Enquirer: 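Here it is, the structure in full.
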Amino acid sequence: MRLSSSRVYRRSLQVVAVVSAAALVTAACSDSGGDSSPSESSTTASSTTASAAPHAVDTEMGSVEVPAKPKRVVVLGYRLTGLAFDLGAHVKGTIPEMAGGSSDPSQAWSDAAAQEGTTFLPWFVDGFDIAGIKALDPDLIIGGGPGLEHEHAVQAYPELKQIAPTVVIGEDETSWKDQAEIMADALGAKKKLKEMTGNYDEFVDSIRENINAPEGDVGYLVFDAEGRPYAANEKFGLPAELTDIGLEPAKYSQIPGLQTAGVNGELLAVPPERIEEVFDQDNLFVLGYGRDVVNPGELSRDPQYADLPAIKNFRAFGLDYWSLSPGYDEIMKTLGTMQLLFAK
């Protein structure tokens with residue numbers, strides 16, 4: 001099956017969800033401090049580090065002495081870059097979303113990147129551009145987290161630490177909260193992190209009070225660029241995050257015979273003959289992996305998926321690919337979408 005990359009949702013509910021959520025979440029993120037203007041980002045960077053001092057940060061590579069007020073931060077992880085900006089960091093360099101690819105800044109941090117003059121450094125399946133990192137003259141390097149970025153950060157650590165203090169986030173730190181805690185320590189931005197988590201908790205409480213959470217488990221159907229189906233492991237990323245608002249994920253990891261895939265086993269490969277068995281949930285989220293691939297409207301015309309309960313009953317909802325492994329900005333926006341989809 002060749003899957004179209006169209007993102008036009010033909011289900012009326014999905015059109016409303018995707019189009020209207022933007023206005024809803026803009027307000028939510030504005031309240032949360034997630035989408036500040038360039039001038040506000042500059043102010044935040046100064047205020048959140050003003051009381052900081054040189055100190056040691058415990059990392060999986062050992063204790064690392066970091067500067068009091070880092071001014072030239074290189075972040076070797078696209079997903080981590082949004083968190084760094086949210087915490088007020090002066091990010092002078094980052095890497096594209098995919099190894100060997102090119103990227104534009106995420107919409108969530110494009111303004112901050114433009115203000116800082118953030119450079120995208122190339123990286124590849126066999127490593128980082130060490131010379132390019134050195135040329136940026138960083139005073140702090142942050143890398144790691146789940147995926148190939150962690151492997152490269154560990155491999156290049158002897159070289160990176162000669163350039164600047166280097167904080168490597170463990171590959172098991174899959175939640176934005178865990179990643180942000182380490183980064184806030186390194187950046188002297190614990191006050192800002194407290195503000196972010198407070199806004200998040202307040203938004204979560206509000207949503208729980210104003211939605212009718214679906215009964216039963218919610219499914220997560222993920223497609224790669226070739227159209228192959230996967231189930232999202234309930235222990236990672238979005239399925240785990242949305243339990244905060246009462247959405248219980250399908251326990252795909254407990255289904256025998258599904259092979260792990262993706263970053264740290266965040267996906268489980270589903271053979272074509274088991275699609276109906278695995279994705280039998282009444283409510284289903286449909287996402288792409290690394291890019292937007294297909295929407296529920298298209299699946300309704302595919303015999304392989306058309307008879308799934310969620311597809312037949314118009315309870316399949318398309319989400320942007322970046323929702324699968326959300327940072328702070330991404331989870332706040334996705335929460336806004338949940339508030340709209342399941343409003344009382």
Side-chain angles (χ1 to χ4, degrees), residues 1 3-11 13-15 17-19 21-22 25 78-79 82 97-98 106-108 146-147 174-176 214 217-245 247-253 258 260-270 275 278-300 302 304-305 308-311 314-327 329-342:
M1 177 182 68
L3 298 177
S4 167
S5 60
S6 169
R7 295 175 58 189
V8 178
Y9 290 78
R10 294 172 175 83
R11 302 299 186 197
L13 177 59
Q14 292 154 352
V15 172
V18 174
V19 176
V25 180
Y78 189 88
R79 297 177 184 180
E97 193 167 13
M98 305 295 289
S106 166
Q107 184 178 3
T174 59
S175 166
W176 72 266
D217 293 344
V218 176
Y220 293 81
L221 169 57
V222 183
F223 290 98
D224 67 12
E226 285 72 42
R228 292 179 294 236
Y230 298 83
N233 192 325
E234 72 278 4
K235 300 175 182 178
F236 303 103
L238 187 64
E241 297 285 355
L242 291 186
T243 60
D244 285 352
I245 60 169
L247 272 64
E248 291 300 321
K251 307 304 186 291
Y252 294 128
S253 69
L258 299 184
T260 58
V263 175
N264 284 14
E266 67 180 346
L267 299 179
L268 299 161
V270 180
I275 288 174
V278 174
F279 299 109
D280 62 351
Q281 298 80 34
D282 291 331
N283 294 273
L284 189 66
F285 293 121
V286 179
L287 309 90
Y289 187 70
R291 54 175 286 186
D292 291 317
V293 178
V294 67
N295 66 56
E298 292 170 303
L299 296 182
S300 69
D302 188 308
Q304 204 167 28
Y305 298 93
L308 295 180
I311 299 292
F314 309 104
R315 301 295 297 178
F317 311 104
L319 298 176
D320 289 300
Y321 78 91
W322 44 254
S323 301
L324 184 61
S325 301
D329 296 301
E330 291 81 7
I331 193 59
M332 293 293 279
K333 291 179 180 179
T334 304
L335 286 173
T337 300
M338 298 301 108
Q339 186 177 43
L340 185 63
L341 287 174
F342 304 114

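Any value given below was found using the heavy atoms of this structure, including those in side chains, with hydrogens, waters and symmetry copies removed. Just so it is clear, the structure is predicted and the values come from calculations on it, not from any experiment.
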Enquirer: Does Asp280 have any salt bridge (charged side-chain N to carboxylate O under 4.0 Å, His left out) partners at least two apart in sequence or in another chain, and if so, which?
Expert: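 Counting only residues at least two positions away or on another chain, Asp280 forms no salt bridge (charged side-chain N to carboxylate O under 4.0 Å, His left out).
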Enquirer: Going by side-chain hydrogen bond (donor to acceptor under 3.5 Å, both in side chains), name the residues that satisfy it together with Asp282, two or more places apart in sequence or in a different chain.
Expert: none
Enquirer: Can you pull the salt bridge (Lys or Arg N to Asp or Glu O under 4.0 Å) pairs that have at least one residue in residues 229-243, sequence neighbours excluded?
Expert: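 Those involving residues 229-243 do not exist here.
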Enquirer: Tell me the closest heavy-atom pair linking Gly219 and Ala250, and the distance in Å.
Expert: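 Looking at all heavy atoms of both residues, the shortest contact is CA-CB, 4.4 Å.
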Enquirer: Looking only at heavy atoms, which two atoms of Val293 and Phe223 are closest? And how far apart?
Expert: CG2-O, 3.6 Å
Enquirer: With sequence neighbours left out, what residues match Phe236 under ring pair (Phe, Tyr, Trp, His ring centres under 6.0 Å)?
Expert: none
Enquirer: Using modelled atom types and a 3.5 Å cut-off, is there a donor and acceptor pairing between side-chain atoms of Gln281 and backbone atoms of Val278?
Expert: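 The answer is yes, because a donor-acceptor pair under 3.5 Å joins these two groups.
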Enquirer: Can you list everything that forms a ring pair (Phe, Tyr, Trp, His ring centres under 6.0 Å) with Phe342? Sequence neighbours excluded, please.
Expert: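 Result, ring pair (Phe, Tyr, Trp, His ring centres under 6.0 Å) vs Phe342: Phe317.
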Enquirer: Can you list the residues that meet the side-chain hydrogen bond (donor to acceptor under 3.5 Å, both in side chains) rule with Ser106, with sequence neighbours excluded?
Expert: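 Ser106 satisfies side-chain hydrogen bond (donor to acceptor under 3.5 Å, both in side chains) with no residue once adjacent residues are dropped.
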Enquirer: Of all residues at least two apart in sequence or in a different chain, which pass the side-chain hydrogen bond (donor to acceptor under 3.5 Å, both in side chains) check with Asn283?
Expert: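 So Asn283 forms a side-chain hydrogen bond (donor to acceptor under 3.5 Å, both in side chains) with Arg315.
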Enquirer: Can you list the residues that meet the side-chain contact (heavy atoms from CB on, under 4.5 Å) rule with Tyr321, with sequence neighbours excluded?
Expert: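 Tyr321 satisfies side-chain contact (heavy atoms from CB on, under 4.5 Å) with Glu97, Asp292 only.
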Enquirer: Using ring pair (Phe, Tyr, Trp, His ring centres under 6.0 Å) as the criterion, list what pairs up with Tyr220, not counting sequence neighbours.
Expert: Phe285
